[in-house]
Amino acid sequence: MSLTTTPGEFPTADPDAKGARPADGAPMQQSFWTDGGQTVWSWLGTVDHKRIAILYAISITAFFFLGGAAAALIRIHLFTPHGLLFSRDTYNKLFTLHGVIMVWFFLVPSIPSTLGNFLLPLMIGARDMAFPKINLLSWYVFVGGALLTVIALLAGGVDTGWTFYPPFSTIYSNSAVTLAAVGVFVVGFSSILTGINFIATIHLLRAPGMKWFRLPLFVWAMYATSMVMILATPVLSTSLLLIIAERLFGMPIFDARIGGDPLLFQHLFWFYSHPAVYIMILPAMGVISEIVTVAARRKVFGYAFMVYAMIAIAVVGFMVWGHHMFVSGMSPYAALVFSFLSFVVAVPSAIKVFNWTATLYRGQITFAAPMMYALGFLGLFTIGGLTGLMLASVPIDVHVTDTYFVVAHFHYIMVGASVSAFFGGLHYWWPKITGRLYPEGWARFAAILMFFGFNFTFFPQFIMGYLGMPRRYAEYPAEFQLYHVMSSTGAMVLAVAYLLPLFYFAYSLRFGEVAPANPWNATGLEWTVPSPPPKHNFDQIPHVENDPYEYHAQGHAPEHGKSIHRGQGDGPVRTPPT
Amino acid sequence: MTRREQTEQPGIWLGPILAWAALLTLLALNVVLAGLPLGVFKLPANLAVAALQAIVMGLVFMRLNRASWLVRLCAVSAFLWISLMFILAFADTLTRV
Amino acid sequence: MSEASATLHEPFESATRQREALTFGVWLFLASELLLFAGMFLGYAVYRHDHPSAFAEAGRHVNLLFGTINTALLMTSSLSLSVASRAIDRDKPGLSEIGVWITLGLGLLFLIVKGLEYREDLDEHLWPGATFALHAPAARIFFGFYWTMTFVHACHMTIGLGLLSRLVWLARRGRLRANNDSVEATTLYWHLVDIIWALVFACLYLVGR
Amino acid sequence: MRGGLPIFPVEADARSVVTDHLFFGLLGLSVAIILLVVSLVVVFSVRYRRGSSAKRGELPEIVSKEFEIGWTVATFFLFLFVFWWVSSSQLSGFKAPANALEIHVVAKQWMWKTQHPSGVREINALHAPTGVPVRLVMTSQDVIHSFYVPAFRMKQDVLPGRYTETWFKANRPGTYPLYCAEYCGTDHSQMLGEVVVMRPADYGRWTAVQPQPNDLAGQGGVLYRSLGCGSCHDAAGPNHNAPSLGGLYGQQVMLSDGRRALVDETFLHQAIVQPDRNAVAGYPATMPSYAKAIDEEGLNALIAYLKSLPAHAGGRS
């Protein structure tokens with residue numbers, strides 16, 4: 001088959017090239033899609049990390065669109081000051097549904113459980129995860145917890161917000177808080193089990209020669225994320241356990257009327273929930289490091305600093321949770337301590353942004369869809385990070401916390417950065433996962449639409465937030481209406497942009513060109529196996545001799561040389577391992 | 001990871017019995033301490049004895065003394081994170097205005 | 001906790017490597033269990049700092065005799081399980097099985113004593129509800145933690161007993177051999193439950209006296 | 001809000017001006033960093049796009065290590081400076097000045113109730129004079145609310161079971177919106193109010209014209225007698241085995257378990273609602289809890305009365 005494969009540039013369908021497209025109905029070639037069998041049980045009972053990744057991918061996509069639908073309804077409701085669609089109570093249940101679904105059922109598992117599960121063994125040269133059965137168990141625990149929570153959210157509805165603050169959640173709310181708390185408690189174990197699996201796999205199943213500093217940065221990101229998952233999630237389980245104990249059994253743990261302290265719950269909750277936002281952003285950083293190096297054909301700038309930065313974020317991320325509680329009645333001296341630590345945790349993130357930018361220096365940059373998401377990530381993550389600095393300083397936080405300024409800040413990080421990176425990673429590894437090439441034109445259009453739709457939705461919220469518009473308001477004073485209308489219109493554009501990939505990815509599954517093993521000419525063990533990879537990953541466990549991003553000789557920028565036309569071309573400098 | 005042969009461990013009984021005896025004496029000590037009117041020192045004393053029991057069980061029963069550096073790293077990091085949580089949470093409780 | 005794989009399973013080439021992986025994996029899980037209980041201990045510690053007199057009064061109403069017996073029972077069960085685990089390392093399944101049986105028995109005894117204690121507490125109206133016996137309002141918070149922490153610990157005990165009975169079932173089938181990983185996993189889990197009980201006992205029974 | 005498209009909230013007190021300066025400082029710094037990053041990315045993307053003629057050649061290897069350490073340290077010190085700059089301005093603002101006008105705020109599911117020392121009560125409104133520091137002593141009757149006045153850049157959560165404090169000194173007369181910023185249930189978005197800042201003269205006239213039977217301390221005295229607190233606490237009381245309360249506010253007291261505690265509003269609130277929480281040394285802990293007998297507003301009045309008691313008198317008859 002002849003393809004014009006240009007490094008980093010997506011193989012454009014050469015007009016004169018013969019049928020690169022598979023004949024309709026042609027059987028897919030041997031891969032993990034077919035090897036393990038085609039029965040339902042072969043999928044639901046699989047212990048192949050690649051199939052579990054697909055199971056996760058399907059379930060979190062469903063939750064992404066459930067949570068996204070809730071977001072769209074919220075934005076439509078907020079077109080007018082008195083609310084277009086819902087009663088205040090329904091609105092409260094809607095934003096709680098949006099928060100709970102998006103945080104625990106999409107963002108936390110999104111990159112680790114799908115791309116991480118699929119790629120980790122491939123990237124380190126292993127045949128599977130250290131504990132394959134526990135990997136499947138984590139998916140069933142995820143679905144079990146999800147079922148409980150969705151029943152609670154949709155049947156009765158929960159009106160406490162995703163933060164479950166007592167005394168409202170324990171005494172004054174009569175919605176299905178207990179069931180939702182049990183559901184989230186269960187789903188917490190899913191991410192603990194995933195974390196255990198990742199750390200054990202990285203420690204024990206690296207291919208010979210794959211030393212720690214030869215690991216791709218995506219693997220390092222999975223390692224740092226798993227550390228946070230294992231050490232933070234249990235404290236969320238404790239806080240929810242105490243909420244359940246108070247609501248179900250009448251144990252007055254947070255009852256202020258008898259001396260209980262609602263701030264204790266906030267301490268326990270945010271001890272998990274701030275590291276949780278690092279669970280969401282660290283995998284995104286790993287994906288961006290992979291994409292930027294391939295698109296720029298350059299070694300990542302300062303590999304060691306990038307690794308230390310990720311570990312530093314994971315560790316220091318545990319010391320900053322107090323910046324969510326500056327106005328909550330916490331002692332002002334503790335607020336200063338947390339404010340200082342929040343400034344310290346911002347330093348590694350800044351380092352990483354500079355390193356990604358420096359990686360572009362003297363590269364051979366191409367702009368396929370994944371790279372567009374990566375560049376979008378760079379801009380939006382910088383904005384999100386810097387507004388985070390503003391929120392870390394106490395006097396500004398006193399003014400803007402619990403307003404739309406903070407809503408905009410965390411959406412810039414979670415949606416602008418983490419979801420963009422997820423989509424970037426999805427596009428980048430789509431050929432490897434499905435063996436098909438996605439339509440490049442549509443993908444770029446969706447990326448651009450998503451970038452503008454996102455900014456148009458959330459930038460007005462910064463202005464509205466500083467003006468004092470509080471968050472979680474079903475109805476708002478009229479002077480904010482202009483900003484709400486701008487934000488809601490942007491949200492419609494963003495919704496369309498999120499739906500596009502659904503279509504052209506499905507299209508590519510059926511009609512997409514067959515992808516070669518290494519469409520991007522990238523380094524990395526996952527590109528040395530056929531696309532999609534066979535069930536046992538490697539015929540023979542490879543021996544690794546090179547650093548992760550060998551796109552050019554040490555210390556010498558990648559010379560442009562001839563563009564690669566037919567077949568593999570010179571591709572990466574090193575010879576692929578035997 | 002150093003390879004640890006299983007065979008050169010001491011007998012089956014010695015370690016556990018000693019540890020068990022130590023644990024029971026510590027338990028008795030703890031209960032006695034609870035009765036004594038130590039006032040402000042009672043709380044640290046009780047917790048210290050309990051911590052000692054935990055260390056004995058960790059080292060002897062869970063064989064941390066023979067475990068690989070990785071497993072010890074686990075135990076130490078769990079302890080560090082817990083103390084981190086306590087220190088910063090009490091930074092608020094103690095200085096609350 | 002993990003699959004009862006007497007043989008080697010998929011991604012591992014050598015049994016010792018697989019055993020290291022299992023031990024490391026179990027320890028990671030134990031770290032998360034420690035964090036789970038640490039959250040409750042933090043709550044207890046913060047409230048003890050805020051309400052010293054109420055917690056002292058409530059602490060005197062907890063039955064120290066039952067607590068001490070339970071602690072001794074659990075430590076003895078740890079002894080028997082440790083002996084069983086070391087016996088299996090030297091491929092002495094007979095001794096190991098006896099050890100597991102003793103541990104199972106002592107664990108059940110612990111739950112029975114716990115049940116008796118719970119019944120006595122309920123008779124004394126120590127459940128923080130309408131008929132709560134003690135005068136100080138914050139005493140309800142102490143007993144809120146007492147019931148929650150001991151109940152969660154009892155759940156972990158029940159899981160431990162489930163794992164132990166699985167070991168017995170394996171022994172019955174003659175599959176309790178030296179290369180069996182699940183013995184290691186069960187003993188580590190059981191010892192952690194014992195450590196947590198030692199700390200719960202100190203905090204709830206002793207410090208309040 | 002000023003007319004036309006409101007881009008920026010009005011500055012109605014000194015603190016909002018300071019906060020705005022900090023915000024603009026950080027905004028400027030952020031815009032600078034964003035421009036730096038975006039321009040670098042755009043320049044590199046255009047200059048070094050695949051197939052462009054720009055020179056690639058030798059990569060400065062040694063430089064990259066020092067360069068990297070350089071900007072790491074630079075970023076750290078920049079953030080350290082920003083932290084110092086931001087926190088130094090805020091350190092002075094913790095405590096309200098001593099002579100502040102003390103207004104009690106009670107938050108209830110979905111309304112604000114304010115009580116002035118002159119006894120005036122208001123619903124969802126707060127009148128305050130300009131130029132006078134106003135100290136808000138706030139508590140909630142049910143869930144956590146948050147007293148948020150964007151014009152003062154001031155927000156403070158209001159918690160049940162304890163007092164939280166904040167203060168402001170308005171310097172521009174006008175009517176400014178008051179929001180509840182902490183989610184508190186169904187009508188969280190209806191819990192609105194307004195803060196009316198008036199010149200001191202107008203404030204005096206406004207207070208005078210308000211229907212107020214008695215000043216706050218006076219109402220507290222009525223409660224003190226009606227609940228019979230004097231029977232134990234007054235020196236002349238029949239079973240005088242409780243501490244006399246004259247001049248108690250602001251003192252340090254020795255508790256029965258050896259701790260020393262400062263008698264502030266929270267201590268008095270807890271002493272009435274949960275008497276055993278900090279039992280005072282030397283007295284039998286026999287005081288019943290008055291949680292059911294007095295609501296939050298009554299407690300505010302009673303505490304104001306206790307604070308107004310001169311040192312020697314037990315209870316004013």
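So you know, we letter chains A, B, ... as the sequences are listed, proteins then strands, and number each from 1. Quick note: numbers below take in every heavy atom, side chains included, and nothing from hydrogens, waters or symmetry partners. Note that the coordinates shown come from a computational prediction; the quantities given were computed from them, not determined experimentally.
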- Message: Checking Ser190(A) against Trp139(A): is there a side-chain donor and acceptor pair closer than 3.5 Å?
- Response: no
- Message: Could you tell me if Asn135(A) and Asn117(A) have a donor-acceptor pair between their side chains, going purely by distance under 3.5 Å?
- Response: yes
- Message: For the residue pair Ser82(C) / Arg86(C), report whether a side-chain donor-acceptor contact shorter than 3.5 Å exists.
- Response: yes
- Message: Could you check whether any side-chain heavy atom of Arg127(A) comes within less than 4.5 Å of a side-chain heavy atom of Pro121(A), counting everything from C-beta outward?
- Response: no
- Note on the structure: Honestly, the part of Phe198(A) sitting under 4.5 Å from a heavy atom of chain C is neither
- Item | Residue among Ala245(A), Gly260(A), Gly250(A), Ala126(A) with most heavy-atom pairs under 4.5 Å to chain C | Gly260(A)
- Can you list the residues that meet the ring-ring contact (aromatic ring centres under 6.0 Å, His included) rule with Trp101(C), with sequence neighbours excluded? none
- Task: Can you see which heavy atom on Ile88(C) is nearest to which on Pro93(C), and at what distance?
- Result: CD1-CA, 4.1 Å
- Leu242(A), part contacting chain C, at a heavy-atom distance under 4.5 Å: side chain
- Is it true that His153(C) and Phe201(C) have ring centroids separated by less than 6.0 Å? no
- Relative to chain C, which of Leu264(A), Leu268(A), Val235(A) shows the most heavy atom pairs under 4.5 Å? Leu264(A)
- With a 4.5 angstrom heavy-atom cut-off, could you sort out which part of Leu137(A) is near chain C: side chain, backbone, both or neither? neither
- Message: Under a plain distance cut-off of 3.5 Å, with no hydrogens placed, do His324(A) and Gln266(A) share a side-chain donor-acceptor pair?
- Response: no
- Message: Is Phe151(C) close to chain A through its backbone or its side chain, or both, or neither, when contacts mean heavy atoms under 4.5 Å?
- Response: neither
- residues 42-53 of chain A vs chain C, non-hydrogen distance cutoff under 4.5 Å, contacting residues -> none
- Result of checking Asn197(A), Leu193(A), Ile199(A), Leu231(A) against Leu28(C) for side chain to side chain contact (heavy atoms under 4.5 Å, CB included): Ile199(A)
- Item | Most chain A-contacting option - heavy-atom pairs closer than 4.5 Å, from Phe37(C), Phe145(C), Phe143(C) | Phe145(C)
- Closest non-hydrogen atom pair, Trp104(A) against Val187(A): CB-CG1, 4.3 Å
- Met129(A) versus chain C, heavy atoms under 4.5 Å apart: side chain, backbone, both or neither? backbone
- Let me know if Trp27(C) has heavy atoms under 4.5 Å from chain A in its side chain, its backbone, both or neither. neither
- Message: Do Tyr205(C) and Thr68(C) pair up side chain to side chain, a donor and an acceptor below 3.5 Å, judged on atom types alone?
- Response: no
- Set of side-chain contact (heavy atoms from CB on, under 4.5 Å) partners for Ala200(A), sequence neighbours left out: Ala130(A), Phe131(A), Phe24(C)
- Task: Classify the side-chain pair Tyr146(C)/Asp121(C) by whether it contains a donor and acceptor separated by less than 3.5 Å.
- Result: yes
- Message: Tell me if the centroids of the rings in Tyr223(A) and His203(A) come within less than 6.0 Å of each other.
- Response: yes
- Where along residues 270-277 of chain A does a heavy atom come under 4.5 Å of chain C, listed by residue number? Phe271(A)
